[in-house]
Amino acid sequence: MKSLNPFDKFNVQSIPLHGDISILSAAHEPEYFPHREEQIEKMVNSMRGLMMGMKTNHLLIYGKTGTGKTSVTKYVASKLNEKMDGNLVISYINCQAYDSPYSIMVNIAKKIPGAENIPVSGWPLDRIYDELVIAMSKSGIPVVVILDEIDKLVEKNGGDSLYMILKLLDENAGIRGNVVGITNDTSFYEKLDSRIKSRLNRDSVIFHPYNTEQLKDILIPRISSILGPEQYEEAAINLCAAIGAQEHGDARKAIDLMRISIELAMLESASVVEREYVYRARDKLDSDILRDTVITLPTHAKLVLFSVIMSRQIHPNSATTGEVGLYYEKICFIAGYTPLTSRRVSDYISDLEDYGIISTMLKSLGRYGRTRLINITAREEDIKNFILEDLDLEKLRSVNFSLQQKFE
DNA sequence: ACTCCACAGGAAAATTGGGGTA
DNA sequence: TACCCCAATTTTCCTGTGGAGT
């Protein structure tokens, strides 16, 4: 067999795109939002008072992931800014990343003229608060504070962060601003305590999940801006839309699937994006998401996860918190870490469940106590390999899962 | 009907660490 | 330098509980 020049691989006859595929990337900020007219109108009505120098109601946005909450909110805010000739400060804060009163105020301060130099830590809270009040009053520019995943603020320090920010915007005469809170937790409002509730109950907008037809309306304009009709199967788009609709009407998922399908087709020099690529894109996407989740886990979360896998492989039916804890201590010893307390391990198990890597069921074993039965929802081999990518956990490679006696 | 296991999970204290001021 | 403020993480201490065994 004649040897191939490896660089031939660079000469792929890929599908000729007549547009930029980044229109299907997560970073793309669209200008058109099919089936979101109603929501946009409500938001505009709620916020336009800012243009007329009024204080406006705070706004709560509800909707599952991939229903367009964040994109639409940013879009509406930027449109408003345009109308006001740039005389609006838009502070977008992801509360998953910034959830303390301090970090949120620093984030707002970064955008306020005269307050940019507040240090990221060190100052007493009331000092940064006061400086912020002074700078905001002096500049007089209205502020829109977008709090994405606002529910994280309440879970955390009992709503102190949220209360502080509402106080900042509401109780200072010289300051005009409103909060746009985004959440996928429909019971969010119920969890608030009354001092916050009374300020937040004015306006809310709900983003319903997209159905298959609506997802197609989102996908088709984007696809046709980069591919000709002969370059993709309609069935492929339908499939992306259908999968997205299954996943709580998730447009992001549908779009990701489409992008990956096209990329896979290009890599194989296919001339048409067929359904088959969508199926493969789904597998790749699931695996990528899992990998992303696992490799960014804190070290001890990885150790706990590793112990769960271990426990399930040795005693498939009895992975309980206590059992996992036992293996965890041994795993820590092997990896050269001091184990954390069982209370902490228990929390990590809950975290892993939140991430969807494992599932648990609280069950009472009568005389034998009450504990959680733990299951793994993703492929164990994959998880294991992703954990072992961590160079600090090199030593776990030597763990032999079949040799139970080693741990007795 | 009563016990008591093996935890769940809340509250608060303690520790660690990054950054400030004087 | 000593000392203060705050955030994040972990430990300590704790109360609560479904149901098998008795």
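Sequence lines set the chain letters: A, B, ... in the order given, protein chains first and strands last, and positions in each chain run from 1. Quantities reported herein were computed from a predicted structural model and do not represent experimental measurements. All values below come from the heavy atoms of this structure, side chains included, with hydrogens, waters and symmetry mates left out.
Ring geometry for A:H300 versus A:Y337: interplanar angle over 60°, hence perpendicular rather than tilted (30 to 60°).
Rounded to an integer number of Å, the gap from A:Y348 OH to C:dT11 C1' is 13 Å. For the pair A:D130 CG and C:dC5 P, the computed distance is 15 Å after rounding to whole Å. One can place CG of A:L340 at 11 Å from P of C:dT12, the figure rounded to the nearest angstrom. When the P atom of C:dA7 is taken as reference, atom CE of A:M105 falls 8 Å away, rounded to whole Å.
Donor-acceptor pairing under 3.5 Å is recorded for the side chains of A:T56 and A:N178. For the residue pair A:H58 / A:D170, a side-chain donor-acceptor distance below 3.5 Å is found, with atom types taken as modelled.
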ask   = Can you give one letter per nucleotide of nucleotides 2-9 of chain B, 5' to 3': B if a protein heavy atom sits under 4.0 Å from the base, S if only from the sugar-phosphate, - if neither?
value = -BSBBBSB
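The pair A:K253-A:D286 meets the salt-bridge criterion, with a side-chain N (NZ, NE, NH1 or NH2) lying under 4.0 Å from an Asp/Glu carboxylate O. A salt bridge links A:E276 with A:R280; the closest basic N to acidic carboxylate O contact falls under 4.0 Å. A:R379 has a carboxylate O that lies under 4.0 Å from a charged side-chain N of A:D382, or vice versa, which qualifies the two as a salt bridge.
The phosphate of C:dT11 (OP1 or OP2) has a side-chain N or O of A:T341 nearer than 4.0 angstrom.
Here ring pair (Phe, Tyr, Trp, His ring centres under 6.0 Å) pairs that include residues 375-396 of chain A, with residues two or more places apart or in two chains, number zero.
No cation-pi contact links A:R275 to A:Y279, judged by a cut-off of 6.0 Å to the six-membered ring centre and 45° from its axis.
Five base pairs at each end of the helix from B:dA1-C:dT22 to B:dA22-C:dT1 define two local axes, and these are offset by 30° (rounded to 10°).
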